[in-house]
Visitor: 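My structure is below; once you've seen it, I'll send some questions.
Lettering of chains follows the sequences in order, A, B, ..., and the numbering in each one begins at 1. The basis for the numbers below is simple: all heavy atoms, side chains too, and nothing from hydrogens, waters or symmetry mates.
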Amino acid sequence: MPRFIHSAAALSLAVALTLALTGAPARAEDEKPVLTVYTYSSFISEWGPGGPIKERFEAECGCELEWVSTDDAGTLLSRLKLEGEGTDADVVLGLDTNLMAEAEATGLFQPHGVEAGALELPVPWTDATFLPFDWGWFAFVYDETRLPNPPESLTALVEAEDAPAIVIQDPRTSSPGLGLLVWMKEVFGDGAGDAWAKLAPKVVTVTQGWSEAYGLFLEGEADMVLSYTTSPAYHQIVEGDDAKKAAIFPEGHGMQVEVAGITRVTDNAELARAFLRFMLSEPFQSAIPERNWMYPAGLPAASLPPAFGALPTPEKSLLTAPEQFAENRRTWIDEWLAAMSR
Amino acid sequence: MARRHEPLSVPATHDAGTALHLPPCGEVRRCGKWRWRRPRHGLAMKLLPGFAALVLIGGVVLAGFAGLLIAAGGEAADLPWRYVASVVRFTVLQATLSTVLSILLGAALALALARRARFPGRDAFIAALNLASVLPQVVAAFGIVAVAGRAGWLGESARLVGLELGGWIYGLPGILIAHVFFNAPLAARVFLAVLAAVPGEHWRLAAQLGMRPLALFRLIDWPVLKREAPALAALIFLLCFTSFAIVLMLGGGPRAATLEVAIYESVRFDVDFARAGLLALLQVLICLGFALPVLWLVRRPGESAAIGAAIARPDTALPAARAVDAVVLAIAALLVLPPLLAVALAGIAGLASLISADVARATLTSFAIAIPAALLALALALGLAVSARRLVASGRIIRASAMTLPAGLILAVPPVALSAGLFVVLRPIADPFALSIPLIILVNALMALPFVLRQVEPPIVLSAERYGPLAESLGITGIWRLKLVDWPILRRPLLAALAIATAYSLGDLGVAAFFGSGNLVTLPLLLFERMGAYRMAESASVALLLAILVLTLFLAAQRWSGDPLARSR
């Protein structure tokens, strides 16, 4: 018996060691400078924009771009905080307005120092640390063959007795979930709690992340799902399906802006700045619409793919200042929890 | 109970004409007087494999917590106690109900399968049950929704006859269905293995005495099921207590949440490691509180020698038993098969997307992680089980349970917190990228360990209880004992355990959260990435591929090891 254990243990140890030795990514030994960019994993996944961006940047920078990914934007910030001053990151790409205040508070970023020019954003952008690379409006997406008469406003969705069934994400675990929380707060102010209580019976379920919610919607479990105004473009371009629409509400729409920043400890500050400039140029920006399914922050509307150009857009954009958001998030979530459990 | 069936085995061994003629153990403690092997280096040395495994488990968990403590950097955590209390209350309710239902259905299912040793598709059915218990949570949840959701098959058929079922599944029902979907097959697998290990002599004698099915259940099945139930229940409770994505997705609202949700939130949005650490500690303590009483519940009736011949159960022909088994099998089939079918159907649309370099790479990466992880899990489980059986042999039943219990508690440590903690501890020592694969293997092995242990511990103890004294008296030790005594009994469970461990590792996300480097994409990760990129059909195909791989694994393990019950005729 012990013999057997020994051999099993030895075998697994040997396999593990072999893997450790062969599996470790070999560091390139050439002289090219390496720019390390932290991002979330779907950005560099098979259909994400990471691949073409790396290729295009390396073609002009005389450097190597190394992507390092964590599984989502939240983990990105956690990881950075864990690494502190010892981080290998030169650039962090993929934080959003929900996480900006926390990121700023770590003291790990430096002013980007890039003359951004005119950004294609529906709101003015003045932040000195973070630069946006893409953005989107949150919206309830529906299928017009299943829901011919969607509610015409957020108020109508909240108030109506026979409003459609919706599926949303949990603000405790998901960025769009937080986005809706802020959106509701912007529209209903102190009445947000009551609004949530009225909305609650129409909520089929509250999922951990965007994927599960969107999947449930596609399965027909809900008439509407919290997603982005750009979601219908995916169905149009990839699936040739014109029936998916985003409901545009006159009260305005909450927004998500995805940003990048340069770390304070980078020893490649010039290269990092070059990357941020590249980030707002056409070669980077043109990879965003059909690979990240968001609006690129540096590409004029005329240069968007036709399906994007044709999307209906809200009149009003609602974006809470990151500091105000960070200060109130806890209170708003508690209010949400109380209202949804009423 | 043990005393009741003691007369069964003695005449049986006689009648088999073997040399085994041992006084059976009556009470557990009396077995303690029986020393099978005179300790040469003292008990402590003999327990070395078990202690080594415990040190590894403890080390990883402690390193995780130490890392969180360092990351917290002396910040004090404040917990929203009322919120935590309400979450815990709901979690205890759902976990208790889920556990009770899973154990009941699992036991009934194991009995039905044990009695029906031959029916068409039995092997495939058992493999499907195994598959259900190792599917990634979100995949199973979508399968369940496709069947029982608002727009599911059930709802659509009800609509045909004018019934509106609506979203009845979202809430406690959905959570319970999903948890039973995962855990009843797990319970059935463990119960079936111990039922299969009942000595053939018992059945022969029962037949000779003309025992009625109820007496048979009371005297033979019940003691065996009762022996395994507490540890199994503890394991299932732990799984349900820490279940996360599925509780939110099927729970219908924010009240249906577990502590794991709060821990996830504190790592990703609060970036508050003090709070994450405190919540994780709280979760481990609560789970420990529920699992510890198991130590005192475990009563292992002693086993006596057996010839190891497979003899059919005598209670298969009775119409009443037939009817009961048919009902149980039908319930299990209705619970497990339609969602699996839904998963398969969903995967067909995107099949073409499987022909890609990414899928091939992810498959290889998954196996490169799963196979070493499974071997390590098996080695650790053997270490723990062998040490535990030595303790059982010397009458220290509670200590034996204490030896194997911590293996399960690793499931109470939230992966996201463990991942963060390990990252902090390892970073000063080495490049986390270089360590990512060994680390993911290690953690996957530890996560698979509780399942493997439930599979291998019973036969290991049995082998010693039945043949230990004989082997000792004949002077069979070392490799010969392994070859002649242990191997014939262990071959089947070990192969099954290896398949199970590999399957769990294949479907597990492990601690990749903080350690991914972009190159390290496993099949479950690919599945989630595709989902996150709107590619639902392509993601479903990855799920189908994963399911096919796991199913093949289980069928192969069954084929190689030969299902003992299928041959018993």
Visitor: Show the numbers, then the answer: is there a side chain to side chain contact (heavy atoms under 4.5 Å, CB included) between A/Leu216 and B/Tyr170?
Guide: CA-CA 12 Å; A/Leu216 285 177; B/Tyr170 296 100; 3.8 Å; yes
Visitor: Checking B/Met536 against chain A: side chain, backbone, both or neither under 4.5 Å from a heavy atom?
Guide: side chain
Visitor: Quick one: what part of A/Val167 sits under 4.5 Å from any heavy atom of chain B, side chain, backbone, both or neither?
Guide: neither
Visitor: Report which part of B/Ile70 has an atom under 4.5 Å of a heavy atom belonging to chain A: side chain, backbone, both, or neither.
Guide: neither
Visitor: B/Val424 versus chain A, heavy atoms under 4.5 Å apart: side chain, backbone, both or neither?
Guide: side chain
Visitor: Distance alone, cut at 3.5 Å: any donor-acceptor contact between the side chains of A/Thr75 and B/Arg268?
Guide: yes
Visitor: May I ask you to check whether over 12 heavy atoms, not counting those of B/Trp153, lie within 6.0 Å of atom CH2?
Guide: yes
Visitor: By a 4.5 Å heavy-atom criterion (distance strictly below it), what part of B/Asp272 contacts chain A: side chain, backbone, both, or neither?
Guide: neither
Visitor: Below 4.5 Å, heavy-atom pairs only: which of A/Leu337, A/Val204, A/Leu178 has the largest tally toward chain B?
Guide: A/Val204
Visitor: Please round to the nearest 0.5 Å and tell me the distance separating atom CZ of B/Phe142 and atom CD of A/Glu219.
Guide: 6.5 Å
Visitor: Using non-hydrogen atoms only, which part of B/Val138 is less than 4.5 Å away from chain A: side chain, backbone, both, or neither?
Guide: side chain
Visitor: Looking only at heavy atoms, what is the nearest atom pair of A/Leu82 and B/Ala71, with distance?
Guide: CD2-CB, 3.5 Å
Visitor: When you measure from the side chain of B/Glu529 to the backbone of A/Ser45, do you find a donor-acceptor pair of N or O atoms at a distance under 3.5 Å?
Guide: no
Visitor: Take the angle between the ring planes of B/Tyr534 and A/Tyr234 and call it parallel below 30°, perpendicular above 60°, tilted in between.
Guide: parallel
Visitor: Would you name the heavy atoms of B/Ala151 and A/Glu221 that are closest together and state the gap between them?
Guide: N-OE2, 2.8 Å
Visitor: What part of B/Ala257 gets closer than 4.5 Å to chain A, counting heavy atoms only: side chain, backbone, both or neither?
Guide: side chain
Visitor: Counting only heavy atoms closer than 4.5 Å, note whether A/Glu212 contacts chain B via side chain, backbone, both or neither.
Guide: both
Visitor: Is the terminal nitrogen or CZ of B/Arg530 (NZ for Lys, CZ for Arg) located under 6.0 angstrom from the six-membered ring centre of A/Trp47 and within 45° of that ring's axis?
Guide: no
Visitor: So how far is it from A/Glu46 CD to B/Arg361 CZ, rounded to the nearest 0.5 Å?
Guide: 9.5 Å
Visitor: So, does A/Ser42 use its side chain to make a donor-acceptor pair with the main chain of B/Gly532 at under 3.5 Å?
Guide: no
Visitor: Counting only non-hydrogen atoms closer than 4.5 Å, does A/Leu76 touch chain B with its backbone (N, CA, C, O), its side chain (CB onward), both, or neither?
Guide: neither
Visitor: Check whether B/Ser356 gets within reach of chain A through its side chain, its backbone, both or neither, counting any heavy atom under 4.5 Å.
Guide: side chain
Visitor: What is the distance from atom CE of B/Met249 to atom OG of A/Ser211, rounded to the nearest 0.5 Å?
Guide: 10.5 Å
Visitor: Name the region of A/Thr39, side chain, backbone, both or neither, that has any atom closer than 4.5 Å to a heavy atom of chain B.
Guide: neither
Visitor: Do A/Trp210 and B/Met531 make a side-chain contact, defined as non-hydrogen atoms from C-beta onward lying under 4.5 Å apart?
Guide: no
Visitor: Let's go through A/Glu83 and B/Arg427 carefully: what are the C-alpha distance in whole Å and the side-chain angles of both, what is the deciding distance for side chain to side chain contact (heavy atoms under 4.5 Å, CB included) to 0.1 Å, and is it a yes or a no?
Guide: CA-CA 8 Å; A/Glu83 293 182 345; B/Arg427 202 178 136 74; 3.6 Å; yes
Visitor: Only one of A/Arg330, A/Arg329, A/Arg172 passes side-chain contact (heavy atoms from CB on, under 4.5 Å) with B/Phe269; say which it is.
Guide: A/Arg329
Visitor: Using the side-chain contact (heavy atoms from CB on, under 4.5 Å) rule, pick out the option among A/Thr173, A/Val206, A/Thr205 that qualifies with B/Leu248.
Guide: A/Thr173
Visitor: Who wins among B/Asp270, B/Val145, B/Ile246 for the most heavy-atom pairs under 4.5 Å with chain A?
Guide: B/Asp270
Visitor: Considering only heavy atoms and a distance below 4.5 Å, find which of B/Val247, B/Asp358, B/Leu442 pairs most often with chain A.
Guide: B/Asp358
Visitor: Are the side chain of A/Ser78 and the backbone N or O of B/Val267 linked by a donor-acceptor pair below 3.5 Å?
Guide: yes
Visitor: By a 4.5 Å heavy-atom criterion (distance strictly below it), what part of A/Ile168 contacts chain B: side chain, backbone, both, or neither?
Guide: neither
